[in-house]
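Working notes for the structure below.
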Amino acid sequence: MDFSLNEEQRAWQEKARKFAREEIAPISLKRDAIPDPRETFDWEIIKKGSKLGFRTAVVAREWGGHGIDFVTQAMVMAELAKGDSAIAKTFTQCWKWSHLIAAVCSESQKERFLKPFLADDTYVLGYGLTEPSAGSDNRLPPEEDLKAGLRLKGERRGDEWILNGDKVFIANGSVAKLFFLTVRTNPNAPLREGTTMFLVPNDTPGFRVGKVFNKSGWRFYQNAELIFSDARVPDDNRVGEIDGAFRRRGGDATGDALFGALELAANALGICDAALEEALALARTRRENGALLKDQQIVQLKLGRMQMLTEALRSLVLRAASEMDRQIPSENAGLAMNLATDVVQEVTELNLDLHDTVAPMDPLADKLLRDSIIWSHLAGDTVQRLKVARRIVG
Amino acid sequence: MDFSLNEEQRAWQEKARKFAREEIAPISLKRDAIPDPRETFDWEIIKKGSKLGFRTAVVAREWGGHGIDFVTQAMVMAELAKGDSAIAKTFTQCWKWSHLIAAVCSESQKERFLKPFLADDTYVLGYGLTEPSAGSDNRLPPEEDLKAGLRLKGERRGDEWILNGDKVFIANGSVAKLFFLTVRTNPNAPLREGTTMFLVPNDTPGFRVGKVFNKSGWRFYQNAELIFSDARVPDDNRVGEIDGAFRRRGGDATGDALFGALELAANALGICDAALEEALALARTRRENGALLKDQQIVQLKLGRMQMLTEALRSLVLRAASEMDRQIPSENAGLAMNLATDVVQEVTELNLDLHDTVAPMDPLADKLLRDSIIWSHLAGDTVQRLKVARRIVG
Amino acid sequence: MRSPPRFGREREIGARQVFDLHLSEEQLAIRETVRDFVTEKLKPAALRPERLEPFERPLLMDLLDEASALGLRSLLLPEEMGGAGADALTACIVAEELGAGDPDLAAALGETWLLCGLLAGKLMTEAQRDRFLPRFLEDPRYHLAFADHEPESDTALGADYHRPAAGNRALKTRAVRAGNGEWIVNGEKDRVLNAPIAKLLAVEVEAEGVKTLLIPRDAPGLRVSESGRELGCCGSVHLSDCRVPADALLGDAAAAALKASREAPQVQAVNLGIGRAAYEAALDYVKLRVQGARRLVEHQAIGTKLAEMAIRLEAARGLIWQAAWALDHPDARAEQRQSDLPLATAARAFTAEAVYRVAKEAAECFGAMGVMRDMPLQRHVHDALQFLHSRNGNSDAKLRIGEALAGYRRP
Amino acid sequence: MRSPPRFGREREIGARQVFDLHLSEEQLAIRETVRDFVTEKLKPAALRPERLEPFERPLLMDLLDEASALGLRSLLLPEEMGGAGADALTACIVAEELGAGDPDLAAALGETWLLCGLLAGKLMTEAQRDRFLPRFLEDPRYHLAFADHEPESDTALGADYHRPAAGNRALKTRAVRAGNGEWIVNGEKDRVLNAPIAKLLAVEVEAEGVKTLLIPRDAPGLRVSESGRELGCCGSVHLSDCRVPADALLGDAAAAALKASREAPQVQAVNLGIGRAAYEAALDYVKLRVQGARRLVEHQAIGTKLAEMAIRLEAARGLIWQAAWALDHPDARAEQRQSDLPLATAARAFTAEAVYRVAKEAAECFGAMGVMRDMPLQRHVHDALQFLHSRNGNSDAKLRIGEALAGYRRP
């Protein structure tokens with residue numbers, strides 16, 4: 001039993017901490033405050049982070065990446081998110097799918113996509129599952145309605161697939177150069193047996209970006225609508241077997257599915273750290289009726305609770321990441337994701353609460369809370385809890 | 001970063017698990033149901049456990065004990081508590097004070113007390129701090145009232161100390177052969193500067209056991225009143241310096257003070273495991289209107305939450321224990337103790353809730369909840385939270 | 001529209017309706033009477049050690065008789081029948097006071113006054129009432145019970161949420177008619193409040209549909225066994241070729257009305273009384289006990305806790321009283337409320353959670369004393385838990401509310 | 001005992017007091033009127049994108065005027081002075097409806113009707129009232145503000161819980177008398193609701209004790225700046241050698257009465273309106289949206305969530321109405337209630353937590369749409385947060401209740 005980080009892990013953590021403190025945090029509130037959601041993005045921070053390796057950190061070393069392990073990934077995500085949760089997510093969204101490129105793409109696809117991804121500091125990746133009327137049904141396909149779920153249609157025509165339909169809320173939608181898209185290729189089969197994955201570059205004819213969603217939190221992070229009108233994708237861009245999108249991913253017990261859970265848990269941890277830091281700084285310096293806030297019982301109890309919840313989350317995140325590195329099957333990543341929702345929201349609520357008497361809606365405390373609300377539908381809603389719980393109850 | 005247990009740790013865990021399942025659990029509900037609190041105790045289980053090493057597990061190897069590390073201690077406590085929280089506590093109460101014997105007693109005291117402790121399967125240890133009107137004031141001595149706190153008076157007469165006064169709620173009070181007692185030896189000094197610790201055997205003249213407290217939970221575990229009327233304790237039984245009881249203990253950053261926190265956290269973990277096991281077994285076998293309970297959403301959500309909370313607690317307990325083994329200063333043991341209160345009560349409440357429709361107040365679910373309520377005043381009340389929080393806010 | 005009964009006086013018809021939280025003089029008077037009885041007699045008796053044990057607490061029969069002598073046993077019986085003619089709100093006020101003293105006695109007595117009001121006031125035929133009333137009024141130990149629950153029966157909504165009921169719901173207790181018109185009943189009921197003390201039981205049976213029979217305690221073939229793990233005075237009713245005459249049958253409306261009475265707001269008021277007793281004990285204690293050179297209540301954390309307890313109890317009382325008032329004014333609701341909320345069920349769910357939290361936090365204020373069996377706090381926690389986990393608990397209550405909010409009507 | 005004002009009619013003296021939750025015909029009528037206004041006009045306007053941004057939402061002046069034209073601006077002004085003469089409960093009913101449509105407008109309008117009732121009805125001298133009333137009644141855009149808070153001032157109980165106030169509490173805004181009797185005021189007030197639209201401001205000043213001056217918006221030396229981070233239409237008031245005549249001074253009772261009005265139950269009713277809007281939006285949505293081949297509401301988890309939301313809102317409404325009624329009936333409380341609970345503060349603490357949870361859970365029902373700025377749900381969450389964290393928040397409220405429960409009176 002050893003919780004300490006090795007030298008390489010500590011070096012990555014330190015690098016991320018420095019970058020978050022010196023580069024991310026200073027622009028965080030400014031980008032958050034921009035009203036137009038298309039304008040919140042900033043390529044400069046992406047380029048700076050990319051040069052430090054944060055964009056390509058998880059690509060395997062033999063392919064020219066850094067191949068950091070899951071524990072390092074968790075620590076780096078938390079550090080970056082402490083600076084800004086949404087900026088951190090922009091980087092780690094690339095990790096999610098560079099996992100995939102490396103794991104399941106053919107050699108020619110790697111040549112065509114992984115190499116440019118590694119070479120270009122502005123090459124970010126996106127993934128599209130959700131559609132206008134199929135969100136939860138994709139994540140937890142109903143047993144009672146086999147045809148529920150996504151409807152973006154792909155029809156084979158010679159060496160090409162013709163795509164028609166919409167995706168919404170797509171991560172990095174307006175900035176990604178390449179998307180992993182799940183497409184319904186057999187409309188008569190249930191979701192899990194009629195869906196194929198494609199690599200779709202953003203310059204694909206017939207493809208365009210629609211609306212950029214105006215979110216209340218995670219404002220830096222771009223979620224967009226993707227519109228396909230007879231978009232033409234070569235069969236060479238198909239990932240895995242036809243109708244096999246879900247089959248493939250189900251077999252991977254510690255790979256990208258778990259990474260998504262770990263990502264949300266670790267990112268939330270960073271927000272908690274930021275909130276705790278802000279709250280402690282306030283309590284230690286702010287006087288109320290002559291006395292420091294930190295000398296009040298109710299303030300102490302709130303800070304103690306914030307730290308207690310944060311350390312519980314950190315412990316579970318570390319444990320889940322360590323199990324993933326050792327390929328130990330466990331539900332801990334999923335549970336950490338669920339727990340992260342409860343913890344990040346309560347911790348940021350307590351931070352805002354501590355700022356109560358100072359000023360209405362302290363901008364940083366308000367932003368941290370708004371970012372945390374994002375977890376409700378990504379990590380802590382009924383569907384995400386049932387997904388994990390059903391694996392537990394068997 | 002490695003969460004796995006080494007071979008020795010796993011062996012102890014396995015031994016504890018087997019003992020809990022085969023010996024403790026079968027008598028747990030029966031002992032709990034005995035109305036007279038003096039009758040709930042059972043020397044047979046203590047002797048059996050002692051022979052397996054659970055009574056003396058933490059005494060250093062050079063003194064003839066097993067010297068298990070904190071991680072092992074945590075795992076063993078959780079396993080024993082899964083069988084019965086109060087029986088586990090009876091054993092580990094000995095650990096707490098065998099820490100002390102080994103750490104601070106003189107060689108002659110070790111000869112006189114540690115050797116008989118190791119030799120006698122029925123030699124259990126107690127500790128007395130709380131008094132009729134001084135509970136919290138001992139744990140968190142008030143800055144505003146320097147003379148608050150304990151009043152059991154010790155006056156020196158030649159080579160002896162004459163003790164007068166009462167202690168209440170004393171752990172193992174009616175069964176221990178030896179007590180560590182904190183005594184006010186300077187009534188004119190504040191608590192931290194006027195208190196001395198003594199080793200008081202149960203056959204000390206002038207000492208007797210009064211009432212055995214009739215607790216709602218932890219019924220096996222004996223809390224008693226200790227009454228001292230001109231009780232005579234030789235100065236040879238004094239531990240450390242005169243008026244130095246608190247000074248000594250404050251200096252130990254990873255020793256008995258932290259052990260107490262870890263003990264409550266790990267013991268609670270065992271209750272959670274028992275509750276989760278009972279709940280899962282029910283959900284997987286019980287049918288309601290024809291359908292298995294486990295197929296209902298609300299049941300799944302409750303079970304998922306039980307496991308989520310339990311795994312968060314387990315992770316923090318492991319981390320705190322590991323830090324203690326490595327002498328890394330941290331508040332995690334204290335935070336784990338606080339968290340344990342919230343977690344063990346919610347988990348046992350959810351378990352009772354799941355039994356709702358089956359029968360009123362399922363006996364095991366009811367017992368687990370009653371045991372968990374003990375945490376309110378030992379681990380999760382305002383004082384125990386403030387103690388930890390004040391170290392955090394600085 | 002039925003004219004709602006009022007405590008001691010008929011409501012003025014045509015009086016201007018106006019939102020008014022004043023209790024009536026009669027309500028204040030009865031509250032005072034009951035509160036005195038509780039303070040002087042019931043509470044001291046309830047704090048005796050044998051009443052602080054969690055299960056198998058002997059019912060305080062002498063005090064039950066005394067409370068009956070105050071007129072409480074017939075609280076809901078219409079005045080013209082010799083009762084107090086109180087309304088549901090008054091019943092809640094009395095139940096809360098009694099619950100703060102001894103919830104077992106409160107539950108037992110409340111069951112009798114509720115059932116006598118319902119049976120004699122609404123469900124019995126004139127002939128049945130003529131036979132019942134004299135006996136009930138003459139005998140101060142004439143208590144009533146309603147036996148509906150059966151062992152192993154699944155009454156929780158659970159798997160059937162928003163779906164027609166399936167599975168294991170049919171009654172196993174069956175009544176068949178003998179040639180002479182008598183009913184012959186066989187089966188078993190459990191978790192029956194007042195079974196050990198009732199002289200007349202309304203028993204739900206299957207007899208080509210759900211029917212209700214009035215069975216006297218001394219009917220041949222009826223046996224009662226006590227059960228200890230429930231609040232109040234509970235037991236099982238065993239019916240073995242139990243024979244009752246033809247006129248023991250209640251009308252068809254009885255089954256639904258009796259079922260609905262299980263959710264009477266006065267039951268939650270008993271629980272509210274538990275919470276109030278715990279809260280008041282804690283408040284007294286933290287005003288006295290000094291820790292850290294300040295009285296406990298002067299610590300922010302304790303002041304905050306007490307505030308939360310007081311708020312929760314007040315909110316619970318509001319919901320209970322609202323539900324009681326709505327029960328007395330069925331038309332008012334239809335005309336004026338937008339909410340589809342089943343108020344009584346809502347009051348139950350809210351009160352059960354609120355009181356449990358209050359009891360737990362009150363106990364915490366007492367430190368180690370909060371878990372001692374010879375102190376009342378652990379009993380309050382235990383009793384509150386029993387309310388939280390009785391009648392399928394809050395999960396079931398919320399599913400029922402969920403159906404109502406969605407406009408789903410069980411077929 | 002003051003005779004409490006009733007909406008549209010004086011209360012019958014001597015009428016039999018009876019617990020009654022009926023709303024009066026007048027209350028039902030005004031609720032209907034306001035609800036129609038909200039449904040048809042306010043809600044559609046409030047859902048326009050510029051009103052969904054979190055800060056710097058422009059106040060809907062046209063609709064404020066329309067609401068004023070319905071008579072709401074003078075809702076609490078006594079009838080004999082030309083107002084609607086409503087009671088505090090009616091104000092809550094109206095505030096909830098408006099709050100469900102647009103809480104900024106509700107807060108602004110509520111502040112004016114509250115202050116006009118208080119100032120003209122109770123605090124002004126006859127001469128002051130004679131000057132004030134005609135202007136107020138004639139000008140449909142005559143709004144009112146009360147300026148008490150100052151930058152950097154510590155108004156939370158916090159460190160002073162259960163101890164006499166110390167520290168930084170003295171007012172920095174000072175008024176001194178000139179030779180001609182005029183008051184010369186210097187200082188700054190912030191977080192002043194209605195500052196940007198008020199034509200008359202009641203300003204708390206230090207002038208050998210705390211006094212209150214009525215300062216018209218156009219007084220020389222008074223400047224208002226808008227601030228965007230609070231709910232309603234807020235701003236700072238800068239006073240630089242601002243001169244007002246001698247008769248601008250309110251009586252000594254004004255300071256305490258105005259301070260107490262900050263805790264008026266109608267403020268919580270605006271928040272309740274936010275919660276209701278969120279809940280109703282969620283209910284409509286989950287009845288329509290299908291997931292897993294069932295409508296969302298048919299999922300146990302969603303049905304349970306909706307039930308909890310509905311229960312919390314109903315409990316909050318009960319506490320708010322109770323506090324409002326108690327305000328209208330100060331004597332009733334003293335005579336009949338045992339609770340020392342400061343009901344208005346309790347209603348605030350409960351409602352703030354309840355509505356925030358309701359808004360958050362309602363948003364969750366909408367999935368990703370729940371966080372979109374062009375959808376109303378995130379606005380409800382944001383608005384509920386502002387209530388939770390305004391006026392020193394719930395921690396302060398609970399400490400104040402803690403003091404009251406312990407019988408502590410601030411010296």
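The sequence lines fix the lettering, A, B, ..., with proteins before strands; numbering per chain opens at 1.
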- Item | From CZ (D/R317) to CD (C/Q322), nearest 0.5 Å | 8.5 Å
- What heavy-atom pair brings D/Y161 and C/V297 nearest, and what distance separates the two atoms? OH-O, 2.6 Å
- Mind checking side chain to side chain contact (heavy atoms under 4.5 Å, CB included) for D/A404 and listing every partner two or more places apart, or none if nothing turns up? D/P342
- Task: Find the one option among C/T304, C/I302, C/V286 whose heavy-atom pairs under 4.5 Å with chain D are most numerous.
- Result: C/T304
- Counting only N and O atoms by type, is there a donor-acceptor contact under 3.5 Å from the side chain of D/Q300 to the main-chain atoms of C/G158? yes
- Item | Region of D/A301 that comes under 4.5 Å of a non-hydrogen atom in chain C | neither
- Query: Given a strict heavy-atom distance threshold of 4.5 Å, which part of C/R295 is in contact with chain D: side chain, backbone, both, or neither?
  - Reply: side chain
- Message: Once side chain to side chain contact (heavy atoms under 4.5 Å, CB included) is applied, do any residues pair with D/E263, and if so which ones, sequence neighbours excluded?
- Response: D/A344, D/T345, D/R348
- Item | Closest approach of C/K287 to D/L405 (non-hydrogen atoms, all atoms of both residues) | NZ-O, 3.9 Å
- chain C contact via D/E403 - side chain, backbone, both or neither, heavy atoms under 4.5 Å: neither
- Task: Can you see which heavy atom on C/A315 is nearest to which on D/A315, and at what distance?
- Result: CB-CB, 4.3 Å
- Message: For the NZ atom of D/K398 and the CD1 atom of C/I311, what is their distance to the nearest 0.5 Å?
- Response: 6.0 Å
- Below 4.5 Å from any heavy atom of chain D, which atoms of C/A349 appear? Answer side chain, backbone, both or neither. side chain
- Just give me the residue among C/A346, C/A397, C/G407 that pairs up with chain D most often, heavy atom to heavy atom, under 4.5 Å. C/A346
- Message: Heavy-atom cut-off 4.5 Å, strictly under: side chain, backbone, both or neither for C/L306 against chain D?
- Response: both
- Task: For residues D/F19 and C/L23, report the shortest heavy-atom separation together with the two atoms involved.
- Result: CD1-CD2, 4.0 Å
- Quick one: closest heavy-atom pair of D/L21 and C/L21, and the distance? CD2-CD2, 3.7 Å
